[in-house]
Protein chains: 2
Amino acid sequence: MSKPVEIIDELNLLSEHGVRNTRQRSAILQVLLASDIPLSAERIHEKTKEADADINLSTVYRFVEMLVEKNLATKSFNLEYGRATFELSNPHHRHHLTCTHCGEIVVIRECPLDKLCRALEEDTGFAVIGHRIELFGVCPKCQRELSTEEL
Amino acid sequence: MSKPVEIIDELNLLSEHGVRNTRQRSAILQVLLASDIPLSAERIHEKTKEADADINLSTVYRFVEMLVEKNLATKSFNLEYGRATFELSNPHHRHHLTCTHCGEIVVIRECPLDKLCRALEEDTGFAVIGHRIELFGVCPKCQRELSTEEL
DNA sequence: GTGATAGATGCAAATGCTTTGCATTTGCAT
DNA sequence: ATGCAAATGCAAAGCATTTGCATCTATCAC
């Protein structure tokens, strides 16, 4: 299996950052690129395993943390799930809406905070660097199930 | 020291929820009411100690988790700090802007997401229940310190 | 007030995600 | 091909949080 072009880009990006290109890192990037939702270290580990890459969980933790430090990935914490999650910093800044019952995730493309950030900089003098948004709700399917239970 | 009126309200609110009023819970509420920023369980524990209330850390964890379940408090996770934090669900929904260098926190009163939430409900069919926003930046003081270092 | 009891607390041990130390391996520049 | 700094694997440690259980206590019926 040859590497998708994005991974090569990412790996080049890494070497520009003075970071070595290894089998493990390539596999981890492949997993992250293939996912449009944030993944926990363990989930990344599982997925690399499914792709026949035998990677140590510590390596996953070390590498994703490095990506975060280099601003190539974003870390969040999924409270429901109790784990940190990671996703590549998307060129198109996005957020997610999660169903509190089944965990389904919907991608939100539009970010409503850009304007607020500029306004905050003026008001507070802070240099606003970034933000995280987590949205919660109940997906249509779970709404139907819940209303049935109540009968 | 007599209890502020808000605490009595909160305690009444609790007993309406079928929950006992104890010395420990009163002290924890007092701490939460006095803070306008989210506090970790450990921080709450310290503050109750400062107020001469000897409370076990487990009790803090159990009680704040109960408040969250009853929607009387909100839980978040402070990634920089590596701990969950809690604050009373404010009648006036608010968010915070945190300095990544010194940890200073500024309160944001206006929530920009209400409109987005309504729009999302139409688009996705989700019933949007809530959200968390975390904003990051560098406060004016740290900006000055950082630019000095670079000279 | 008294007693009964479900619920709350304290303590210590367990849990589970994440980090770390160290010996071994490996990318990559020369 | 070689050397070495960086990366990996493994196991042990760290640390916030949870849990089991014995003890205590707020609350309610009397």
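A, B, ... follow the sequence lines: proteins, then strands. Residue 1 opens every chain.
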Figure out the [atom1]/[atom2] separation between [X] and [N], and round it to whole Å.
| X | N | atom1 | atom2 | result |
| --- | --- | --- | --- | --- |
| A/L57 | D/dA11 | CG | P | 13 Å |
| B/N21 | D/dC28 | CG | C1' | 15 Å |
| B/L29 | C/dA8 | CG | P | 13 Å |
| B/F77 | D/dA16 | CZ | P | 10 Å |
| A/R83 | D/dT17 | CZ | P | 15 Å |
| B/L67 | C/dA8 | CG | C1' | 14 Å |
| A/E65 | D/dA6 | CD | C1' | 18 Å |
| B/R23 | D/dT25 | CZ | P | 9 Å |

Please check the phosphate of [N] (OP1 and OP2 only) for any side-chain N or O of [X] closer than 4.0 Å.
| X | N | value |
| --- | --- | --- |
| B/N56 | C/dT9 | no |
| A/R25 | D/dA7 | yes |
| B/T22 | C/dT9 | yes |
| A/Q24 | D/dG9 | yes |
| A/Y61 | C/dT19 | no |
| B/T59 | C/dG10 | yes |
| B/R20 | C/dA8 | no |

Starting from [Y], can I reach [X] by hopping between I/L/V/M/F/W/Y residues whose side chains sit under 4.5 Å apart?
| X | Y | value |
| --- | --- | --- |
| A/F136 | B/F77 | no |
| A/L72 | A/F63 | yes |
| A/M66 | B/L79 | no |

Determine which nucleotide pairs with C/dC28, using a 3.5 Å limit on both distances of a Watson-Crick or G-U wobble pair. D/dG3
Just name whichever nucleotide pairs with C/dG16, Watson-Crick or G-U, keeping both distances under 3.5 Å, else none. D/dC15
For the residue pair A/H131 and A/H95, does the interplanar ring angle fall in the parallel (under 30°), tilted (30 to 60°) or perpendicular (over 60°) class? tilted
Which is true for B/D54 with a 4.0 Å heavy-atom rule: it touches a base, it touches only sugar-phosphate, or it touches nothing? sugar-phosphate
A quick test of your reading: do over 12 heavy atoms of other residues, nucleotides or ligands sit less than 6.0 Å from CD of A/E50? yes
Nucleotide of C/dA8, C/dC22, C/dA12 approaching B/S58 most closely (side-chain heavy atoms): C/dA12
